[in-house]
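Okay, so here's the structure we're looking at.
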2 protein chains.
Amino acid sequence: MSVRADAKRNHDKLLQAAREVFRERGLEAPLDEVARRAGVGAGTLYRHFPTRDDLLNALMQAFIDRLDAAADAAIAVDGSPRERLLSWVRGGVAEVTYSKGAAARLTAALGDDESRIATKAAAFAQASGRVVEALGADLRPGVDGVQLARLVGGLAMVVDQGELDESAFAPLADVLVDGLLAPTVVGS
Amino acid sequence: MSVRADAKRNHDKLLQAAREVFRERGLEAPLDEVARRAGVGAGTLYRHFPTRDDLLNALMQAFIDRLDAAADAAIAVDGSPRERLLSWVRGGVAEVTYSKGAAARLTAALGDDESRIATKAAAFAQASGRVVEALGADLRPGVDGVQLARLVGGLAMVVDQGELDESAFAPLADVLVDGLLAPTVVGS
DNA sequence: ACCTGAACACCGTTCAAGT
DNA sequence: ACCTGAACACCGTTCAAGT
């Protein structure tokens with residue numbers, strides 16, 4: 001009612017343009033490129049999304065949905081606790097590194113309620129928390145969703161920064177997973 | 001002989017200015033601030049240090065010395081393998097986060113021979129490698145210096161991004177350390 | 001109420017002119 | 001051989017004028 005039709009249309013065009021530009025050039029891509037591709041003036045972009053993170057936040061719902069799906073899939077893995085946890089670590093890192101720079105932004109926002117993407121970071125922590133709950137006593141005592149999200153985020157930043165391939169990534173994920181599992185009593 | 005006295009003096013003034021500016025404002029501080037504080041023209045800065053990383057590389061020797069000292073201290077810790085490894089993880093993270101943004105730059109350079117700070121990243125990997133060697137069979141098989149440096153760098157990025165305090169950092173370091181140790185046989 | 005796009009600020013980088 | 005600093009390019013952000 002109170003939003004003009006052209007405002008709504010520009011809002012959608014900006015989101016679509018940002019989706020493309022961020023995918024092609026990463027999350028630090030120039031914002032005037034977004035405005036240009038959306039076919040609107042620079043001021044219109046800033047009216048709808050005052051900061052880069054506001055724009056990012058609006059784009060991230062689909063990302064959060066995929067992250068939740070990865071957590072669900074990990075919890076449902078028919079195997080050992082180790083396999084379930086590894087599934088989440090792999091799935092989480094894969095989603096968080098979907099766009100270059102996303103891992104650093106999300107991890108930074110994990111402890112920051114003032115962040116414009118605070119709700120998305122919280123969803124990341126909650127997805128991790130669901131995995132923590134599902135693993136129960138198989139997980140190292142005292143680990144919570146925020147801690148798990150930070151560790152996954154840290155690993156994702158390493159992958160993002162160093163552009164690691166699977167063979168370089170796998171041993172790091174193994175270290176993280178084994179450190180997260182409760183110590184097992186062998187040979188008793 | 002072939003370097004003019006004013007060139008040498010400008011070189012030193014730039015390093016001193018960069019040390020101050022990077023400490024105060026982080027590694028992404030404006031370079032013209034460095035030139036201004038050194039009292040030289042912008043072109044002089046670019047003549048001596050064509051890229052930001054060249055300037056950083058020249059500043060990092062002292063940093064590498066401290067990193068080596070942290071590795072030595074860790075190896076010399078009079079305690080369990082776990083305590084020695086924890087000492088390195090804590091010391092390494094502390095040094096790598098000395099300046100904001102350093103963790104990301106160093107970790108990115110770990111796999112990149114073309115990086116202008118490649119020698120410094122290699123020193124980071126070598127210091128980690130010395131800890132790996134010192135721990136021998138107490139460490140998880142297959143772990144090398146580059147992997148350990150990546151994990152320490154990842155944790156350092158989490159601390160850097162999220163500005164974590166000791167109470168938030170400690171449990172993450174514990175997870176990493178336990179994942180890095182060889183599985184122990186308990187109760188056999 | 002919202003839009004446009006020129007204008008300003010900031011910073012990296014180059015290069016003509018100077019010594 | 002090296003230095004200076006004006007000039008250019010790029011990009012974020014604001015705002016006067018328009019509809």
Side-chain angles (χ1 to χ4, degrees), chain A residues 1-59 99-102 104-105 108 114-117, chain B residues 1-59 99-102 104-105 108 114-117:
Chain A
M1 339 253 170
S2 57
V3 274
R4 268 171 28 180
D6 56 347
K8 165 91 174 98
R9 197 168 54 242
N10 283 336
H11 183 94
D12 293 346
K13 282 196 293 185
L14 281 165
L15 282 182
Q16 183 54 34
R19 217 184 316 272
E20 294 173 17
V21 172
F22 286 167
R23 175 155 26 83
E24 290 168 18
R25 309 190 38 181
L27 299 189
E28 268 86 50
L31 289 182
D32 67 339
E33 164 95 16
V34 172
R36 201 162 50 72
R37 197 175 305 202
V40 305
T44 301
L45 189 160
Y46 283 91
R47 162 170 282 268
H48 286 279
F49 305 101
T51 72
R52 180 184 298 268
D53 271 349
D54 285 313
L55 187 52
L56 188 54
N57 189 56
L59 285 179
S99 198
K100 193 155 181 62
R105 280 191 131 80
E114 307 301 309
S115 167
R116 312 310 291 258
I117 58 169
Chain B
M1 339 266 161
S2 57
V3 274
R4 268 173 26 182
D6 55 347
K8 166 90 175 103
R9 198 169 54 242
N10 283 336
H11 183 95
D12 294 346
K13 282 196 294 187
L14 281 165
L15 282 182
Q16 183 54 34
R19 217 183 316 272
E20 294 173 18
V21 171
F22 286 167
R23 174 155 29 80
E24 290 167 18
R25 309 190 39 181
L27 298 190
E28 268 87 50
L31 289 181
D32 66 339
E33 164 95 15
V34 173
R36 202 163 49 71
R37 198 175 303 203
V40 305
T44 301
L45 189 160
Y46 283 90
R47 162 170 282 269
H48 285 281
F49 305 102
T51 73
R52 181 183 297 268
D53 271 349
D54 285 313
L55 186 53
L56 188 54
N57 189 56
L59 285 179
S99 199
K100 193 156 182 59
R105 280 191 130 77
E114 306 301 308
S115 166
R116 314 309 292 256
I117 57 169

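Per chain, numbering begins at 1; letters A, B, ... match sequence-line order.
B:H11 comes within contact range of no nucleotide atom at all, as no heavy-atom separation falls under 4.0 Å.
Atoms CG (B:D54) and C1' (C:dT13) sit 14 Å apart, rounded to a whole Å. The interatomic distance linking B:F49 (CZ) with D:dC3 (C1') rounds to 15 Å, in whole Å. Spacing between atom CG of B:D6 and atom C1' of D:dC2 amounts to 6 Å, rounded to whole angstrom units. Between B:L55 atom CG and C:dG12 atom P the separation is 11 Å, expressed in whole Å.
At a non-hydrogen distance threshold of 4.0 Å, A:G39, A:V40, A:G41, A:A42, A:G43, A:T44, A:R47 from residues 30-47 of chain A come into contact with DNA chain C. Of all the residues in residues 14-28 of chain A, not one reaches under 4.0 Å from DNA chain C with any non-hydrogen atom.
The minimum heavy-atom distance linking B:L14 with B:T44 is given by the pair CD1-O, 4.1 Å. Of all non-hydrogen atoms in A:L31 and A:L55, the two that sit nearest each other are CD2-CD2, 4.1 Å. Heavy atoms only, all atoms of each residue included: B:S99 and B:G26 are closest at OG-CA, 4.4 Å.
Formation of a donor-acceptor pair under 3.5 Å by the A:N57 side chain with backbone atoms of A:D53 is not found in this model. B:R52 places a side-chain N or O within 3.5 Å of a backbone atom of B:A29 that can act as its donor or acceptor partner.
For the atom pair CG of B:D12 and NE2 of B:H48, the computed distance is 9.5 Å after rounding to the nearest 0.5 Å.
A:R116 pairs by the side-chain hydrogen bond (donor to acceptor under 3.5 Å, both in side chains) definition with A:D54, not counting sequence neighbours. With sequence neighbours left out, the side-chain hydrogen bond (donor to acceptor under 3.5 Å, both in side chains) criterion links B:R47 to no other residue. In terms of the side-chain hydrogen bond (donor to acceptor under 3.5 Å, both in side chains) criterion, residue partners of B:R19 (sequence neighbours excluded) are, by chain and number, B:Q16.
Counting only Watson-Crick and G-U wobble pairs whose two key distances fall under 3.5 Å, DNA chain D forms stems of three or more stacked pairs at C:4-8 with D:12-16, C:12-16 with D:4-8.
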Q: Go through the steps to decide whether B:R105 and B:E28 satisfy the test salt bridge (Lys or Arg N to Asp or Glu O under 4.0 Å), and finish with yes or no.
A: CA-CA 11 Å; B:R105 280 191 130 77; B:E28 268 87 50; 2.6 Å; yes

Q. Would A:E33 and A:E24 count as a side-chain contact (heavy atoms from CB on, under 4.5 Å) if you check the C-alpha gap in whole Å, the side-chain angles of each, and the deciding distance to 0.1 Å?
A. CA-CA 11 Å; A:E33 164 95 16; A:E24 290 168 18; 5.5 Å; no

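Dashed line: the shortest gap from a side-chain N or O of B:H48 to OP1 or OP2 of D:dC3 is under 4.0 Å. At C:dC3, one or more side-chain N or O atoms of A:N10 fall inside 4.0 Å of OP1 or OP2 (strictly under the cut-off).
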